[in-house]
Amino acid sequence: MLKPIKQRGSFLSRIIVANVVIFVLSIIVLSVLNYGNNTRIIDQHTSLMYKRLLTQTDYNIEALYERVFQIGEQLLNDTEVVKGLFSNELSPVDSMKVASKLNDVVNANKYINSVYLYNGEKERFIHTIRRDVSIQTIDKEAPALIEVRKQMQKMIFLPHKQSYVYESKAYDNNILSLIFTYSGGNNGYAIFINLELNAILDLFNKMGNSAYSNFIIVDKSGLNIINGSKPDLFLHDTSDQDYIDKVIHAAAKSDHFIGSVDGEKSLVTYVYNDKLEWYLINTTSYSYLAKDNLQVLQNIILISVIILVLSIAATVLLTNKIYTPFGRVVKMIKFSHPAVPAEDNYDDVEYVSDVFKGLIQKVTTLEDSAVKDRNRLRAAFLRDWLNGEGRMDEAELALNFSKLNVQIRPNDLRVLLLVMEGQTESAELEEEQPDLRMNFVADAMVELALRIFTEHGELEKIDTGSHSFVFILNDFDGSNVEAKIGEFVYQVEKLMSFRLKIGVGIRASSMQELSKSYETAKEALNYMFVVSDENVYDYENIQAQIRKQAHYPVKLEQTLINQLKLNDRRASEETVEALFGELKHYAIKDSYATLKQLGSSIDHEFNDIVDFAPLCKRYEQQSLARVIEGLIYFERLHRFFLELVDYIIQDLKSNRYRDSKEIVKNACEYIQQQYRKGDLSADAVAAALNISVPYFSKLFNENMRMTFSAYVTNLRLSEAESLLLHTPLRIKEISENIGFLNSTYFITVFKKKHGVSPNQYRQMKRAN
């Protein structure tokens, strides 16, 4: 192998060395990644498996808890059991009944060890353990557990031991008790339902306790309740075991980690039971988990070495076949005196690569420069023509089209003005390269448009701004316009994550009419003011929709102002809806002008009684007019006027600037001064107070509990009564003095109130 390496210089040797280095590094990286990855996957998989087992066991234990709880409730509802619990003395018959009830519970449930009844008054236990000894002897912790249960806020299993000797045989039972307590007396009363710990140990054994895996239950203080491999550790303090301390103080209630268990590295998986306030833990030996991973690693290394040997052999063979003709090419280039000098330390491949690289770079630079110059000239020519600055005859136009390689026919044209409104997803390029991103998207859109509009020949793109550009293309059938442009918009949003707004101008029969098509395309895009949720705005379709000549809605304006003064929100909102429904059929400039005038009228009418500053500040403007000018969409203006209606009504109701009682007081004072005039009316009073008539009538009725006319009539009749009694004036004179223009009407009103005519009233009062 050394001979061909020497003959071929550094080329072959570099390839072989590179192969060796790459494969060695690959083996190392692959081995490390595999070991770490597989270990993590095995950890995760094993943890999930044991977490499911722990969760299932947790569920089974909770089911056992619920069953024991139901048994306790049945005993609480049993009259004879309750009688046995509370009675100071039981007759033999009653005692047998209670014992029978308790024994039935124990016999019917194999997982229940025993049942105690505790009477706090007599410090007496009734129990189901068939031993002639007291509970204080059998279960020394029972009285203390009652006190523990009374201090708790919830009912959980309390662990303790039964330890005694009966008939020369020692009994040592690990117990979980559910204690039901009654308050009363000195010590209270309690029922113990005692569950054998073996019932839960059986669940662990079913889960496959083995030499490499163990299941444990500890309470939230770290006290050992159950250890699958060490049952004798019941109620053992685990504070010396770091992995249990880590479980108890973990933020997550269900998780796994790697820890040291009895001096051995292990995978620890745990779940927490809120109801029982304990942790279920599984520990699995890590050496057991890693054994399969090491076997996989050995296989990878073996396969990699085999691949390395085969690759080196293939490289030597292929190089011998390829290098001979390649060497001839190198000699030819060196003897042709190229621009790149052949240095002694040059590798053959590196030398040839540099020569061709320089040549290609020069050719590419020249070609790119020519293309860019031609594109700039073509874009400038078409841009000037769009803006109406170009005027040529047909011959000159055809010549320029040929020189600049314009790819459209100079007749039957259509302008599409495209605006990239925004991105629907995050940009793929970095934020500091926005121009590059926009250029890339624009070029991609051109390619997409050429595919979609292919039957219409080529098209031309002209940039008109950083986010907008124009497509000029030959016109297509009217029946396909909407479908083709719709497909183009859909593809742009789907492939490039950009939203598009497209203005479609009128048809241009020649290049001379192109500027008109461009102007109408821009005008079509203005229709976004009315309908902002569309993508395509066709000028001809928009013009067909403008069905009404604009007239300022004076009646609707006055109706809206009166409804606002009456605080009638519903009617005001309906008027706003009617107004905007009518404006949709106006030209855009007429709609916008109408809304600006309406805002000015509302500002003028309510400026003295409503503070618009907070509303304007919300929109960062100084006045209502500025707010309206800043909202460029019809829909947004629609929402603003509804918001304005609500704001005015709320402000009027709050009476921040004018109290309704003060208004009515001023009205009454004005009426007192003017009621003797025959032409006094609600209109005159409202005008004097600078408020609308409906608003004045509403406030007057609410505060005075009568209408304006009734109030004025009462004032006039009160003065008439005084004049009849204290003056010799005739009825007609009195009528004129108090504001009645017609004495007959005065007599009718007076008689309606008093039941007699003014003359009869005078005679009756004087006679009395």
Side-chain angles (χ1 to χ4, degrees), residues 554-555 557-568 571 601 604-610 649 652-653 655-768:
V554 178
K555 290 185 178 179
E557 174 194 284
Q558 192 57 46
T559 300
L560 177 60
I561 290 173
N562 289 336
Q563 289 165 343
L564 289 172
K565 289 181 177 179
L566 289 173
N567 292 347
D568 192 339
S601 299
H604 175 76
E605 188 70 29
F606 292 97
N607 193 41
D608 293 335
I609 57 177
V610 174
I649 291 174
L652 289 175
K653 284 185 176 180
N655 296 321
R656 279 191 296 189
Y657 296 96
R658 304 188 69 188
D659 192 332
S660 62
K661 292 183 179 179
E662 186 68 22
I663 293 174
V664 174
K665 178 184 176 183
N666 294 337
C668 291
E669 291 176 355
Y670 182 83
I671 293 169
Q672 290 282 357
Q673 299 170 4
Q674 304 292 329
Y675 77 89
R676 294 180 183 84
K677 297 180 179 179
D679 58 350
L680 180 63
S681 64
D683 293 34
V685 179
L689 298 174
N690 195 26
I691 59 176
S692 69
V693 177
Y695 184 52
F696 164 69
S697 300
K698 181 175 181 293
L699 292 181
F700 196 90
N701 292 346
E702 289 176 353
N703 285 270
M704 299 301 293
R705 298 293 188 270
M706 66 174 67
T707 64
F708 164 78
S709 59
Y711 181 77
V712 173
T713 300
N714 286 340
L715 283 178
R716 288 171 173 171
L717 291 179
S718 295
E719 185 169 357
E721 292 167 6
S722 177
L723 292 174
L724 285 170
L725 295 178
H726 301 102
T727 67
L729 293 175
R730 292 179 298 171
I731 301 303
K732 184 176 181 181
E733 293 173 331
I734 291 173
S735 172
E736 292 174 352
N737 286 340
I738 61 176
F740 283 102
L741 300 179
N742 188 307
S743 59
T744 303
Y745 178 65
F746 163 62
I747 294 170
T748 302
V749 173
F750 190 93
K751 191 172 183 179
K752 184 176 181 180
K753 179 180 179 181
H754 294 285
V756 294
S757 67
N759 275 328
Q760 291 172 336
Y761 179 84
R762 174 183 277 174
Q763 292 171 2
M764 288 171 57
K765 291 294 183 180
R766 287 180 177 178
N768 291 331

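In this text, all values refer to a predicted model and were calculated from it rather than measured experimentally. Side chains included, hydrogens not; waters and symmetry mates left out as well; all remaining heavy atoms used.
Remark: Glu669 engages Lys665, Asn666 in a side chain to side chain contact (heavy atoms under 4.5 Å, CB included) (not counting sequence neighbours). Qualifying side-chain hydrogen bond (donor to acceptor under 3.5 Å, both in side chains) partners for Thr727, counting only residues two or more places apart in sequence or in other chains: none. Every side-chain hydrogen bond (donor to acceptor under 3.5 Å, both in side chains) that Glu702 has, sequence neighbours left out, goes to Lys698. For the side-chain hydrogen bond (donor to acceptor under 3.5 Å, both in side chains) test, residues two or more places apart in sequence or in another chain that qualify with Asn562 are Gln558. For the side-chain hydrogen bond (donor to acceptor under 3.5 Å, both in side chains) test, residues two or more places apart in sequence or in another chain that qualify with Lys677 are Gln674. Here Glu721 pairs with Lys753 under the salt bridge (Lys or Arg N to Asp or Glu O under 4.0 Å) rule; sequence neighbours left out. Residues passing the side chain to side chain contact (heavy atoms under 4.5 Å, CB included) test with Met704, sequence neighbours excluded: Val664, Cys668, Phe700, Met706, Tyr711. Partners of Ser681 under the side chain to side chain contact (heavy atoms under 4.5 Å, CB included) rule, at least two apart in sequence or in another chain, are Asp683, Ala684. For the ring pair (Phe, Tyr, Trp, His ring centres under 6.0 Å) test, no residue two or more places apart in sequence or in another chain qualifies with Tyr675. Not a single ring pair (Phe, Tyr, Trp, His ring centres under 6.0 Å) links Tyr670 to another residue, sequence neighbours left out.
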Exercise. Yes or no on side-chain contact (heavy atoms from CB on, under 4.5 Å) for Leu680 and Val685, after CA distance, side-chain angles and deciding distance?
Worked result: CA-CA 8 Å; Leu680 180 63; Val685 179; 4.0 Å; yes
Exercise. Can you list the steps and then say if Lys752 with Thr713 is a side-chain contact (heavy atoms from CB on, under 4.5 Å)?
Worked result: CA-CA 12 Å; Lys752 184 176 181 180; Thr713 300; over 6 Å; no
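Here the closest non-hydrogen pair linking Ser735 and Ser743 is OG-CA, 3.5 Å.
Listed by first and then second residue, the salt bridge (charged side-chain N to carboxylate O under 4.0 Å, His left out) pairs that reach into residues 725-750 are Arg730-Glu733, sequence neighbours excluded. Note on residues 758-768: no pairs pass salt bridge (charged side-chain N to carboxylate O under 4.0 Å, His left out), not counting sequence neighbours.
In terms of modelled atom types and a separation under 3.5 Å, the side chain of Ser722 and the main chain of Ser718 share no donor-acceptor contact.
Atom CD of Glu662 and atom CG of Leu699 lie 12.5 Å apart (nearest 0.5 Å). Here the OG1-CD1 distance, from Thr744 to Ile731, works out to 11.5 Å after rounding to the nearest 0.5 Å. With values rounded to the nearest 0.5 angstrom, Leu724 atom CG is found 4.0 Å from Ile734 atom CD1.
The side-chain heavy atoms of Val693 and Phe708, taken from C-beta on, include no pair separated by under 4.5 Å.
In this structure, Phe750 and Tyr761 have perpendicular ring planes: the angle between them is above 60°, well past the 30° mark.
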